[in-house]
J.: 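The structure is given below, and queries will be raised subsequently.
For the single chain, residues carry numbers from 1 onward in sequence order.
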Amino acid sequence: MKLVVVSAGLSVPSSTRLLADRLAAATGRYTSVDVQVVELRDLAVEIAHNFTSGFPGRALSAALDAVTEADGLIVVTPVFSASYSGLFKSFFDVLDQEALTGKPVLIAATGGSARHSLVLEHALRPLFAYLRAVVVPTAVYAASEDWGAEGLAERIDRAAGELGRLMEGLGSGAGAGAGAVRRADAADTADAAERADASVAVDTDTAAAIAPRALDGALASADRFTVIPFEQQLAALRP
């Protein structure tokens with residue numbers, strides 16, 4: 001299966017990329033994956049041009065295709081002003097809104113203080129819920145003091161296990177997932193239309209039994225079902 005890691009770190013080396021790599025390695029212990037890393041720092045100019053031109057450059061287009069075709073995602077952002085970075089948000093703004101439908105996503109973030117850990121629940125989880133991704137229950141936040149301390153490795157392992165099991169359980173890929181949703185929507189629409197037709201269709205045999213005088217003209221039709229106006233049905237039921 002294909003696992004794509006989206007890292008929005010800006011510095012080199014980057015604690016955001018370090019966390020992303022550790023999450024990807026941990027996921028690989030739970031399920032067999034081919035890992036591709038998308039560094040948003042390298043795509044910043046093309047992302048900006050996409051907003052003004054409406055067309056992605058070659059590198060950005062390849063990154064968007066990779067995310068769309070992935071079986072699972074790990075997304076990691078540094079915390080800027082108590083939220084995800086603008087570069088991180090901009091990348092998902094130019095991504096097709098159907099691309100993440102039904103796709104397992106592990107969300108993670110890095111920051112200088114543990115006080116920013118709520119960014120996972122107040123910013124990242126709502127964003128990917130809006131994009132209709134399947135966000136794993138455990139999100140991972142790493143503050144500066146977390147590196148080398150107890151607890152981070154356990155959180156990484158737990159989140160990676162949840163992502164690996166979701167990828168194996170769903171196993172349909174982003175494109176197939178979106179297509180399945182669209183097919184299900186179409187089927188639901190067809191079912192609703194069929195129910196609406198049935199609600200106004202009256203079997204001519206039954207209708208003739210309850211309202212012979214009202215249906216004399218309607219029964220001339222050779223069709224099995226005849227649409228009877230509601231007012232006419234109501235009049236036929238009156239004594």
Side-chain angles (χ1 to χ4, degrees), residues 1-9 16-40 43 47 60 62-79 83-111 116-142 152 155-182:
M1 284 185 290
K2 183 178 179 181
L3 174 65
V4 173
V5 179
V6 178
S7 171
T16 299
R17 174 61 187 270
L18 176 59
L19 179 58
D21 288 342
R22 290 186 62 178
L23 287 166
T27 303
R29 294 195 291 270
Y30 287 92
T31 186
S32 178
V33 291
D34 295 323
V35 179
Q36 178 178 346
V37 178
V38 175
E39 282 278 11
L40 298 187
L43 301 174
I47 291 173
L60 177 58
L64 296 173
D65 288 344
V67 169
T68 301
E69 296 165 3
D71 296 295
L73 284 182
I74 295 173
V75 297
V76 192
T77 179
V79 176
S83 187
Y84 37 64
S85 72
L87 180 60
F88 181 86
K89 179 61 163 55
S90 295
F91 177 76
F92 290 100
D93 282 344
V94 299
L95 182 69
D96 187 281
Q97 288 200 353
E98 299 292 330
L100 299 188
T101 299
K103 192 186 302 296
V105 176
L106 192 166
I107 57 175
T110 59
H116 288 306
S117 61
L118 287 177
V119 69
L120 295 167
E121 305 303 325
H122 290 179
L124 270 76
R125 196 176 295 275
L127 170 63
F128 289 96
Y130 172 77
L131 294 173
R132 293 188 288 179
V134 181
V135 185
V136 304
T138 301
V140 180
Y141 179 82
L152 179 59
R155 295 198 303 276
I156 289 173
D157 188 69
R158 183 169 64 248
E162 293 169 355
L163 177 62
R165 288 187 290 271
L166 263 178
M167 289 176 66
E168 287 190 341
L170 296 176
S172 58
V181 169
R182 286 191 289 269

J.: Working to the nearest 0.5 Å, report the span between CG of Leu127 and CZ of Phe92.
T.: 7.0 Å

J.: Could you grab the distance from atom CD1 of Ile47 to atom CG of Asp93, nearest 0.5 Å is fine?
T.: 9.5 Å

J.: Apply side chain to side chain contact (heavy atoms under 4.5 Å, CB included) to residues Asp21 and Val5 and explain how you reach the verdict.
T.: CA-CA 8 Å; Asp21 288 342; Val5 179; 5.5 Å; no

J.: Looking at every heavy atom in both Ala142 and Leu19, which two are closest together, and how far apart are they?
T.: CB-CD2, 4.1 Å

J.: So, taking the atom named OH in Tyr141 and the one named CG in Leu124, what distance separates them when rounded to the nearest 0.5 Å?
T.: 11.5 Å

J.: Quick check against the 3.5 Å criterion: does Asp71 have a side-chain atom that pairs as donor or acceptor with the backbone of Lys2?
T.: yes

J.: Are Leu23 and Leu106 close enough that some pair of their side-chain heavy atoms sits under 4.5 Å apart?
T.: yes

J.: Within the structure provided, determine whether Arg165 and Val136 are in side-chain contact (heavy-atom separation under 4.5 Å).
T.: no

J.: Looking at Ile156, Val76, Asp157, which hits side chain to side chain contact (heavy atoms under 4.5 Å, CB included) with Arg22?
T.: Ile156

J.: Can you give me the closest heavy-atom contact between Thr31 and Gly164, atom names plus distance?
T.: CG2-CA, 3.8 Å

J.: Got Val67 and Phe91 here, is their nearest side-chain heavy-atom distance under 4.5 Å?
T.: yes

J.: At their closest point, which heavy atom of Pro126 faces which heavy atom of Glu121, and how far apart are they?
T.: CD-O, 3.3 Å

J.: Considering all heavy atoms of both residues, which atom of Val4 and which atom of Ala66 are nearest to each other, and what is their separation?
T.: CG2-O, 3.4 Å

J.: Can any side-chain N or O of Thr77 pair as donor or acceptor with the backbone N or O of Ala8 at less than 3.5 Å?
T.: no

J.: Do any N or O atoms from the side chain of Glu162 and from the backbone of Thr138 form a donor-acceptor pair under 3.5 angstrom?
T.: yes

J.: With heavy-atom distances below 4.5 Å as the criterion, would you say the side chains of Tyr30 and Thr27 are in contact?
T.: no

J.: Looking only at heavy atoms, what is the nearest atom pair of Gly102 and Leu170, with distance?
T.: O-CD1, 3.5 Å

J.: Which value, rounded to the nearest 0.5 Å, describes the distance between Arg17 atom CZ and Leu40 atom CG?
T.: 11.0 Å

J.: With rounding to the nearest 0.5 Å, note down the distance linking CG in Leu118 to CZ in Arg125.
T.: 11.5 Å

J.: Distance alone, cut at 3.5 Å: any donor-acceptor contact between the side chains of Thr16 and Thr110?
T.: yes

J.: Is there a side-chain contact between Val140 and Leu120 (heavy atoms, below 4.5 Å)?
T.: no

J.: Please find the pair of heavy atoms, one from Val135 and one from Ala129, that lie closest to each other, and give the distance.
T.: CG2-N, 4.5 Å

J.: Starting at CG of Leu3, measure out to CG of Leu163 and round the result to the nearest 0.5 Å.
T.: 6.0 Å

J.: Are the side chains of Gln97 and Arg132 in touch, meaning some heavy atoms are under 4.5 Å apart?
T.: no

